[in-house]
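Just follow the structure's listing: the first ligand is 1, and inside any ligand the first atom is 1. Quick caveat, the model's predicted, so the values are computed rather than measured.
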Amino acid sequence: MWEKSVGVTAESRTPQRERSAVFAAVGAHVPSIVVTNDDLAARLDTSDEWITSRTGIRTRQVVEPGGSTSDLAIAAGMAALRAAGSDASIDAVVLATSTPDRLVPATAPAVAAGLGLAGVPAFDVDAVCSGFVYGLAVANGLIAAATADRVLLIGADTFSTIVDPTDRATAPLFGDGAGAVVLRAGEPDEPGALLAFELGSDGALAELITVRDGWFAMQGQAVYRQAVTRMAGAARGVLARTGWEPGDVDSFVGHQANLRILRAVGADLGVDADRVHTNVTEVGNTVSASIPLALAHAHAAGRIRAGHRVLLSAFGGGATWGAATLVWPELS
Ligand code: UT7
């Protein structure tokens, strides 16, 4: 049996050491080259109508040739550190990515050094599109165990470097980007504290999303079905651990793979459509960056506000899935 789900709640931690990771700042960065559906239709057997109706995606942004995940991660990390203000002393950097600059070494140490944080522990986490939620759980663990007081967590990917530009089945789906959060030690019941997680994987589904001969490959319809089932299941699990009903959720930020998937998960859960946040239309599927980018964009636009009960849920290659909850804090 390959499958195992785990969950942790604030209550399950050692009572004498009640520390939670608390959101202190968010930041985002997308590269400047915009690729429209018409740009793709000019070189592939596809159309704006097909891409928009099947995925909701209208544009995506990609790095220049030679651009790397660390470039984007450093820019998003810098934005989050600036938003965190002058007391932003960071003592660990966690990078969620599936497109590291190199296979070895990990990319996080280079990102830390690029941010002027050489010396702090830095490492990569790879759970593909669930990577940011897994990263949140790892950062929460570092803080809860008092290994770190302030963690910079970045989700960054450059799938344009592994997607076959001649493959109409995958080329329209992905964009490059990075999103970052500063997490600080705080009280489990204060706004911004991570309240609960639900994480899982099933290695029997490894062939659904993979890289073959250097190019990304995906069994689209099977992934679609799994994404809806697993994202809704993980969301239900984390809501139960948090003690919330679906109707309590003010903001649902799911992994931004496909507008239809996000709407289906919202409907399956019973979360009102106007509480389902999306930016996949503008940025496509940015993999590990998807949830932090969506959070940063929704925060900047005032769509997620202080006091909102926020539900995060993701599904990705592995297969992996994960969900988390928090109450959105006052952030600059
Ligand atoms: O981040 C990891 C998670 N990823 C996802 O969640 C993605 C999940 N999957 C999906 O979002 C959808 O499966 C896709 C958007 C990838 C595809 O949509 P679909 O409705 O499942 O289409 P399909 O794969 O069943 O293909 C339908 C038809 C096929 O043609 P025939 O066999 O019916 O003649 C495809 O060849 O559409 C064709 N097709 C296209 N046509 C025009 C596939 N890609 C394209 C395209 N333009 N870009």
Side-chain angles (χ1 to χ4, degrees), residues 35-60 96-99 126-135 155-177 179 200-202 205-212 215-235 253-266 268 276 278-281 283-294 312-323:
V35 179
T36 67
N37 291 347
D38 286 338
D39 293 336
L40 292 171
R43 61 179 169 80
L44 290 173
D45 181 14
T46 190
S47 63
D48 175 48
E49 196 281 329
W50 192 97
I51 300 170
T52 306
S53 63
R54 301 286 176 130
T55 71
I57 300 167
R58 293 183 184 278
T59 59
R60 70 286 292 147
T97 188
S98 298
T99 46
D126 182 1
V128 200
C129 296
S130 310
F132 182 77
V133 178
Y134 270 64
D157 267 306
T158 46
F159 262 46
S160 70
T161 62
I162 61 166
V163 164
D164 178 352
T166 67
D167 178 12
R168 71 174 184 173
T170 54
L173 306 178
F174 295 93
D176 301 333
S201 78
D202 183 357
L205 301 175
E207 293 307 312
L208 292 188
I209 294 173
T210 186
V211 171
R212 268 189 213 105
W215 297 121
F216 177 84
M218 178 174 71
Q219 297 175 28
Q221 288 195 2
V223 170
Y224 187 102
R225 286 192 296 273
Q226 283 287 331
V228 174
T229 307
R230 297 300 189 178
M231 282 170 65
V253 181
H255 167 52
Q256 307 281 313
N258 181 317
L259 198 55
R260 288 157 59 213
I261 292 176
L262 288 163
R263 287 182 177 155
V265 173
D268 187 287
V276 178
T278 63
N279 67 347
V280 66
T281 302
V283 300
N285 180 350
T286 58
V287 191
S288 307
S290 143
I291 285 182
L293 263 185
L312 313 177
S313 187
F315 173 81
T320 58
W321 54 89

So CG of Leu208 and CD of Gln226: to nearest 0.5 Å the spacing works out to 6.5 Å
Quiz item: Between Thr158 (side chain) and Ser160 (backbone), is there a donor-acceptor pair under 3.5 Å?
Solution: no
Considering only heavy atoms from C-beta outward, does the side chain of Phe159 approach that of Asn285 to under 4.5 Å?
-> no
Can you tell me if Gly316 has a non-hydrogen atom under 4.0 Å from ligand 1? no
Near Thr55 (heavy-atom distance under 4.0 Å), the atoms of ligand 1 are 15 (C)
Honestly, for Thr46 the part within reach of ligand 1 (heavy atoms, under 4.0 Å) is both
For atom 5 (C) of ligand 1, the closest protein heavy atom turns out to be Val223 CG1, 3.5 Å
Note: Trp50, heavy atoms under 4.0 Å from ligand 1, region reported as side chain
Looking at Gly284, Ala227, Gly220, Ala222, the heavy atom closest to atom 13 (O) of ligand 1 belongs to Gly220
Interatomic distance, OG1@Thr286 vs CD1@Ile291, rounded to 0.5 Å, equals 9.5 Å
| query | Looking at atom 23 (P) of ligand 1, would you say a protein heavy atom lies below 4.0 Å from it? | reply | yes
Looking only at protein heavy atoms, what sits closest to atom 2 (C) of ligand 1 is Cys129 SG, 3.5 Å
If we number the atoms of ligand 1 from 1 as shown, the ones under 4.0 Å from a heavy atom of Arg54 are 19 (P), 20 (O), 22 (O), 27 (C)
Handout entry: Side-chain heavy atoms of Glu207 within contact of Arg212, under 4.5 Å
Key = yes
Among Arg225, Gln221, Arg260, Met218, closest by heavy atom to atom 25 (O) of ligand 1 is Gln221
- Could you label the plane-to-plane angle of the Phe174 and Phe216 rings as parallel, tilted or perpendicular, counting under 30° as parallel and over 60° as perpendicular? perpendicular
Atom 1 (O) of ligand 1 sits nearest the protein heavy atom Asn285 ND2, 2.6 Å
Verify the contact flag for atom 10 (C) of ligand 1, where contact means a protein heavy atom under 4.0 Å away.
yes
### Query
Any side-chain donor-acceptor pair under 3.5 Å between Arg60 and Asn37?
yes
Can you confirm whether the side chains of Asp157 and Ser288 place a donor and an acceptor under 3.5 Å from each other? yes
protein heavy-atom neighbour closest to atom 30 (O) of ligand 1 works out as Arg168 NH2, 4.4 Å
Output for pair (Ile51 CD1, Thr46 OG1), nearest 0.5 Å, gives 4.0 Å
query: Got a donor-acceptor contact below 3.5 angstrom from the Thr52 side chain to the Arg58 backbone?
result: no
Ligand 1 atoms nearer than 4.0 angstrom to some heavy atom of His255 are 1 (O)
Please tell me if atom 33 (O) of ligand 1 is touched by the protein, where touching means a protein heavy-atom distance below 4.0 Å. no
One finds that the ligand 1 atoms under 4.0 Å from a non-hydrogen atom of Asn258 are 10 (C), 11 (O), 15 (C)
Hey, is atom 27 (C) of ligand 1 touched by any protein heavy atom at less than 4.0 Å? yes
Quick note on ligand 1: atoms under 4.0 Å from a heavy atom of Ile261 include exactly 6 (O), 8 (C)
*asked:* Do Leu262 and Gln256 make a side-chain contact, defined as non-hydrogen atoms from C-beta onward lying under 4.5 Å apart?
replied: yes
